[in-house]
Protein chains: 2
Amino acid sequence: MADVAERAGVSASTVSRTLRGLSTVSPEVRSRVEQAARELNFAVSRQAASLVTGKTGVVAVLAPTLNSWFIGSALSTLGPELRAAGMDLLVYLTPEMSARADFFERLPARRNADALLVFSFDLTDEETARLDDLQMPVIYVSQHSDGCPSVYVDDVAGARRGTQHLLNLGHRRIAFVQTIGASGFSFSSNERLIGYQQALTGAGIPLDDELVVATVVSDKRRITEAVGELLSLREPPTAIFAEQDELAASVIWTLRKGRIDVPERISVLGFDDHPLAEWSDLSTIAQSPSDIGRAAGELARSLINEPDADPARHIVLPTRLIPRGSTVPLRGDGEETAGNGAG
Amino acid sequence: MADVAERAGVSASTVSRTLRGLSTVSPEVRSRVEQAARELNFAVSRQAASLVTGKTGVVAVLAPTLNSWFIGSALSTLGPELRAAGMDLLVYLTPEMSARADFFERLPARRNADALLVFSFDLTDEETARLDDLQMPVIYVSQHSDGCPSVYVDDVAGARRGTQHLLNLGHRRIAFVQTIGASGFSFSSNERLIGYQQALTGAGIPLDDELVVATVVSDKRRITEAVGELLSLREPPTAIFAEQDELAASVIWTLRKGRIDVPERISVLGFDDHPLAEWSDLSTIAQSPSDIGRAAGELARSLINEPDADPARHIVLPTRLIPRGSTVPLRGDGEETAGNGAG
DNA sequence: GTGAAAGCGCTAACAA
DNA sequence: TTGTTAGCGCTTTCAC
């Protein structure tokens, strides 16, 4: 920076002011400094600047993996969003338990970021406590955390809406397939189950535990088994609501393999609007990871820059039904537009 | 750090030495310092340290998006790899041209990272020149760059092997479907086409331009059209080699929609071993983004820590054939094990 | 094996 | 509007 100052014939302070875009620099000096900086190919060192400002200009993200549609999409929006505000995106990945333990032990983000975004974890109380030690805003994405800022979609309402869609189509025996925890990775499953139950109850349909089965998304064998359990009920479902699109796609595949036509014999509804859903012509409840990423970025920025911002602000994003070909009226006796289809 | 020093009854220098694991600290003092640091929940500030060491402890990645199987998988391995070496992963995302232009204009990574990993771009010469301005190692991933370190798979050999597989199955009319540039996003397509051509030529089969069609991966209409072109040839292909699994899956879907059985009437081969491939029972040429990420991480570390390391080291990773259900012998007259199938 | 002192590159407060 | 000065928190000589 001294070089630039010398070349432009000004002091280091003036260079600093110019490069930070402060208005207290005369146009003439400004252009001289800018040119000198360009010629010298100079860029301010964040490290040095942060030493005195106390801000790192970095937002950190803690995620189990980047290999996920949701996280990938959210970060792909978040990154440019932050960049536009002059901030960088730092990623901490904890695909394994050991990496995760190490993260919480050392908290490497400490002092090296201005805020931390926590993606999709089932955190233990102990881990949450550790995050409180971090002297920075911690924002939870896709999960609630009392007293902490967070961003998530209204899973309950979404699942309620999805179930209602099936009810409107005349379905009464509606199964719910939930995912079970792939090692500490939360997918808001309970909320979705609750929404499903609320809709049924609201329609005066008693809950039937036999209609709720659980499986690991990637376990085809278990999925086959779960679908088998549903089909072998005395009164099998005419519609299946899967907690995630990927699971829904597996369910459809399993059903068709068993010569059960979808949607003719069984309607299937997913959740997420994963690219797979459009591809498979799967009706689904859409959430937008992109919007979530954007909202998380804005929240982070406001928490960093406005000390008096609400420290526990929740942003709840909506979901919306996308009817496609995998859900149809039950034997033609119901229609989405026919009210709540109770008759 | 002064606090820790005071609490442990030593000087700041000693705390620094202890926390960096230097051996010139007596065991007794060491344990006292470590305990003090723990009690104070102290962590060294990278910013301050890097100011004097000149190293940031950060590896930056430039990628178009995180919403990609390849990039997501590679980074999911790279991140923990770096973390284990005490380094952080910074991500620059340029989904749009404007963000990309901005990155190359400002080069925000400059002075804020120890190395830059460039993922999957078709860079212009001008952009490459800008990266040379960056006073740090720049590593190209999934692409060659003369005189620069890089990590990639041998696409030519992989495509040759894939084509040979189809030849071995008795196919002679083998089409190649290539992808055309989704805005600056390179998928090594030319190399794969070359491998395909090499294998045909090696088997004494003349190249037929009509058997090579191009399409955008996400453009279903164009894919349908391209498949139509192939099917309407006087002598249609009996096998189709798609440059990517996602494209191969689309091709299969299109063929089946047109009542053309796969693999009975036409064999289809993909490239990548995307999760979709296993799911669709698609034969493919596998590459491992995870291995690529690991190799890139190691290369970055060696370039950062060993000033006399070969500054233009190339790491070429292998591919391997994964035969699944989408490729079968031509009318039963050939087999993979029957030599090169030339007869 | 340990401490004192200098200084990394920048920004902020103050003076001019 | 601009320059001067004093650190930010750490590492690194260089003494001891």
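Order of the sequence lines fixes the chain letters, A, B, ..., with proteins taken first and strands second; residue numbering starts at 1 for each chain. The basis for the numbers below is simple: all heavy atoms, side chains too, and nothing from hydrogens, waters or symmetry mates.
One finds a side-chain N or O of B:T14 lying less than 4.0 angstrom from the OP1 or OP2 phosphate oxygen of C:dG3. Regarding contacts with the backbone of C:dA12, a side-chain N or O of A:R20 is found under 4.0 angstrom from either OP1 or OP2. Here B:S26 reaches the OP1 or OP2 of C:dT2: one of its side-chain N or O atoms lies under 4.0 Å away.
Enclosure of atom CD in A:E6 is not indicated, since only 12 or fewer non-hydrogen atoms of other residues, nucleotides or ligands lie within 6.0 angstrom. Few gaps surround CG on A:D132; more than 12 heavy atoms of other groups in view lie less than 6.0 Å from it.
Ranked by how close their nearest DNA chain C nucleotide is to the 5' end, B:P27 and A:M1 are led by B:P27. Nearest-nucleotide mapping onto DNA chain C: of B:T24 and B:R111, the residue sitting toward the 5' end is B:T24. DNA chain D is contacted by both B:F42 and A:V25; A:V25 maps to the nucleotide lying nearer its 5′ end (nearest heavy atom per residue).
Under a 4.0 Å N-O distance rule, the pair B:R110/B:D133 does not qualify as a salt bridge. Using a cut-off of 4.0 Å between Lys/Arg side-chain N and Asp/Glu carboxylate O, A:R130 and A:E105 are scored as not salt-bridged. Salt bridge status for B:E34 with B:R30: present, with a side-chain N to carboxylate O gap under 4.0 Å.
Taking every nucleotide of DNA chain D with any atom under 4.0 Å from a non-hydrogen atom of chain A, the first and last of them, 5' to 3', are D:dT1 to D:dC10.
Atom pair B:K55:NZ and C:dG9:C1' shows a separation of 17 Å (rounding to whole Å applied). Going from atom CD of A:E6 over to atom P of C:dG9 covers 15 Å, rounded to whole Å. Across the protein-nucleic acid pair, A:R17 atom CZ and C:dA13 atom P stand 12 Å apart, rounded to whole Å. In this entry the distance linking CG of A:L19 with P of C:dT11 reads 8 Å, nearest Å.
When the local axes at the two ends of the helix from C:dG1-D:dC16 to C:dA16-D:dT1 are compared, using 5 base pairs at each end, they differ in direction by 30° after rounding to 10°.
Considering only the side chain of B:L51, C:dC8 comes nearest among C:dC10, C:dC8, C:dA13.
Residues B:T65 and A:S76 bring a donor and an acceptor atom of their side chains to less than 3.5 Å of each other. A:S73 and B:N67 share a side-chain donor-acceptor pair at under 3.5 Å. With 3.5 Å as the limit, one finds no donor-acceptor pair spanning the side chains of A:S50 and A:T56.
Within the 3.5 Å criterion, the main-chain N or O of B:R32 finds no donor-acceptor partner in the side chain of B:Q35.
Residue-level contact check: A:S13 touches the bases, meaning some heavy atom is under 4.0 Å from a base atom.
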